[in-house]
J.: 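The structure under discussion is supplied below as structure tokens; questions concerning it will follow.
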Protein chains: 2
Amino acid sequence: MGKLVTEMLKGTLEGIVLAILSGRPAYGYEITAWLRDQGFSDIAEGTIYALLVRIEQRGLVDVEKVPSEKGPPRKVYSLNAQGREYLEEFWTTWSFLAGRLEQLREGGK
Amino acid sequence: MGKLVTEMLKGTLEGIVLAILSGRPAYGYEITAWLRDQGFSDIAEGTIYALLVRIEQRGLVDVEKVPSEKGPPRKVYSLNAQGREYLEEFWTTWSFLAGRLEQLREGGK
DNA sequence: TTCAGCTATTCGGCGTTGCTAGGTACTGGT
DNA sequence: ACCAGTACCTAGCAACGCCGAATAGCTGAA
């Protein structure tokens, strides 16, 4: 992909990460690897870490430092109540946008 | 809506406008009004004009100045071949992203 | 023992994007 | 003369994701 997906990720990447965390707690390195696996080949590591800091500061996640056998300690993030609430809002907004886009795509044929 | 949708629009608004233009030529003021009508209540006029300038400079649209009875002349934009090609790419990227989000949403239940 | 390579996180500077807030200009009605 | 509606443009700002580099711990091969 490239620039197109980069710009589209603005605003959605946050929701993606929150959605991941809604399923299970996770840490940055793990999330990055998983996203790459899912086809988000060009997501920068630094982007994820910065995002995690942001959502932590906004109080959407809880953090726990967990030692790792294979390297430095991990910062494991888990979605809290406020985070779940915010994720709901995200899905609402996403649905709105996706709906409009869907309509436009139909109309354009 | 608010900040959430603003961030999500980054990258998608361009596609939205191109999709509109793929159906029919249009000018800025008209596009803004139509978007507001479609529920994008907080899209700023300046945003659309700036976007139109950008896609013109990238050669995705052709422009024609058309006199108006009710004000200054309109700048009517129409999608050209390069624009259609780019719009295809946009839809591909969008589909990818929407697919991943859909999966995440399912999984999160 | 050393050094490469994987794990794991952090930081500063950059480009793109949308918003804010203001301005310009033309027309028609009061 | 004035104001509302039409139509466009601009400068400065904030947020986000990317790039490049640095730091730090652990393991296994040379």
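In what follows, chains are A, B, ... by sequence order, proteins preceding strands, each numbered from 1.
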J.: Keeping to residues at least two apart or across chains, list the side-chain hydrogen bond (donor to acceptor under 3.5 Å, both in side chains) pairs with something in residues 44-53 of chain A.
T.: none
J.: Let's go through B:L35 and B:L13 carefully: what are the C-alpha distance in whole Å and the side-chain angles of both, what is the deciding distance for side-chain contact (heavy atoms from CB on, under 4.5 Å) to 0.1 Å, and is it a yes or a no?
T.: CA-CA 10 Å; B:L35 286 172; B:L13 184 56; 4.3 Å; yes
J.: Run the side chain to side chain donor-acceptor pair (under 3.5 Å) test against A:E30 and tell me which residues pass, sequence neighbours left out.
T.: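 Here no residue qualifies.
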J.: Take A:L9 and A:T12 through the test side-chain contact (heavy atoms from CB on, under 4.5 Å) and record every step on the way to the result.
T.: CA-CA 5 Å; A:L9 279 176; A:T12 49; 4.1 Å; yes
J.: How would you list, by chain and number, every residue that makes a side chain to side chain contact (heavy atoms under 4.5 Å, CB included) with B:Q38, sequence neighbours excluded?
T.: A:R100, A:Q103, B:W34, B:F40
J.: In the 5'-to-3' direction, what one-character label does each nucleotide of nucleotides 1-7 of chain D receive under the scheme B = base within less than 4.0 Å of a protein heavy atom, S = sugar-phosphate only, - = no such atom?
T.: ----BBB
J.: For side chain to side chain donor-acceptor pair (under 3.5 Å), just list the numbers for A:S22 and B:R105, CA-CA rounded to whole Å, side-chain angles, deciding distance to a tenth of an Å, and then say yes or no.
T.: CA-CA 10 Å; A:S22 84; B:R105 197 172 195 174; over 6 Å; no
J.: For chain A and DNA chain C, what are the first and last nucleotides along the strand, 5' to 3', with at least one atom under 4.0 angstrom from a heavy atom of the protein chain?
T.: C:dT7 to C:dT17
J.: To the nearest 0.5 Å, tell me how far A:R84 CZ sits from A:F90 CZ.
T.: 15.5 Å
J.: Once you round to the nearest 0.5 Å, how far does CG of B:L18 lie from CD1 of B:I55?
T.: 5.0 Å
J.: Base contacts versus sugar-phosphate-only contacts with protein, heavy atoms under 4.0 Å: please encode nucleotides 11-20 of chain D as B, S and - from 5' to 3'.
T.: ----BBSB--
J.: Side-chain donor-acceptor contacts of residues 72-79 of chain B below 3.5 Å, not counting sequence neighbours, with atom names and distances?
T.:
| from | atom 1 | to | atom 2 | distance (Å) |
| --- | --- | --- | --- | --- |
| B:R74 | NE | B:Y27 | OH | 3.2 |
| B:R74 | NH2 | B:Y27 | OH | 3.3 |

J.: Side-chain polar contacts of residues 57-64 of chain A - donor-acceptor pairs under 3.5 angstrom, sequence neighbours left out - could you list them?
T.:
| from | atom 1 | to | atom 2 | distance (Å) |
| --- | --- | --- | --- | --- |
| A:R58 | NH1 | A:Y86 | OH | 3.4 |
| A:R58 | NH2 | A:E14 | OE1 | 2.6 |
| A:R58 | NH2 | A:E14 | OE2 | 3.4 |
| A:D62 | OD1 | A:N80 | ND2 | 3.3 |

